[in-house]
Amino acid sequence: MNQSHSTVVAEAETGIVPDADALVSPTGTDPLAVLVADCVPVVLVGFGAQSDHVTAVIHAGRRGVEGNIAARTVAELQRHGAESISAWIGPSVCGQCYEVPEDMREEVVKAVPLTFCSTRRGTPALNLAAGVGGQLEALGVSVKDLGGGGNPCTLENERLFSHRAVREGRPAGRLAGLVWRDA
Ligand SMILES: [Zn+2]
């Protein structure tokens, strides 16, 4: 998908690259990808009554979390028959590294209280992974970190791509979150 920090959820269609920040495969058989380098990548699997699988990916940046693109995506999965949903959250810039102006923190926290964070120096920051995780859990989604014991911070971990680290000389690139099921 062409990601633009929107709250648009699109349905996967072969050969089409939609302008969207979440993508749903009603059959689960379209391989879906989300690309990130500090934003939060989320992959989701919805299980239906006849063990049908519906899949989705979400690009959750500040605006996506503030506009709750996660809830829109969950609604699409449910519309396609998902009765229980699991989500996996991948590595992103951590709350202590994502410094923002005070008025921006205030605005986002008003919409999503769980995003409230401060840097190690005590300046305003946002924890987007906590925000989107809370939005999903509020809808009954089972949320897991990729890799189990918590995600490494993309800025602090040199093995990961970080948009913010490029100015420090780290290579530019994106991490991909992928989900599909065998046909
Ligand atoms: Zn960090």
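Atoms within a ligand are numbered from 1 in the order they appear, just like the ligands themselves. The first residue of the sequence shown is numbered 1, and numbering continues consecutively from there. Note that this is a predicted model, so its numbers are computed, not measured.
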Summary of side-chain hydrogen bond (donor to acceptor under 3.5 Å, both in side chains) pairs that have at least one residue in residues 57-66, sequence neighbours excluded: Asp21-His59
Atoms of protein origin (N, O or S) under 2.8 Å from the Zn ion (ligand 1): Cys94 SG, Cys97 SG, Cys153 SG, Glu156 OE2
Side-chain donor or acceptor of Ser6 paired with backbone N/O of Ala20 under 3.5 Å: no
Thr123 versus Glu99, side-chain donor and acceptor atoms under 3.5 Å: yes
Non-hydrogen side-chain atoms of Cys94 and Glu156 separated by less than 4.5 Å: yes
Run the side-chain donor-acceptor check on residues 101-117: report pairs under 3.5 Å with partners two or more places apart or on a different chain.
| from | atom 1 | to | atom 2 | distance (Å) |
| --- | --- | --- | --- | --- |
| Glu102 | OE1 | Arg105 | NH2 | 3.3 |
| Arg105 | NH1 | Cys117 | O | 2.8 |
| Arg105 | NH1 | Ser118 | OG | 3.2 |
| Thr115 | OG1 | Val112 | O | 2.7 |

Residues clustered with Val17, ILVMFWY side-chain links under 4.5 angstrom: none
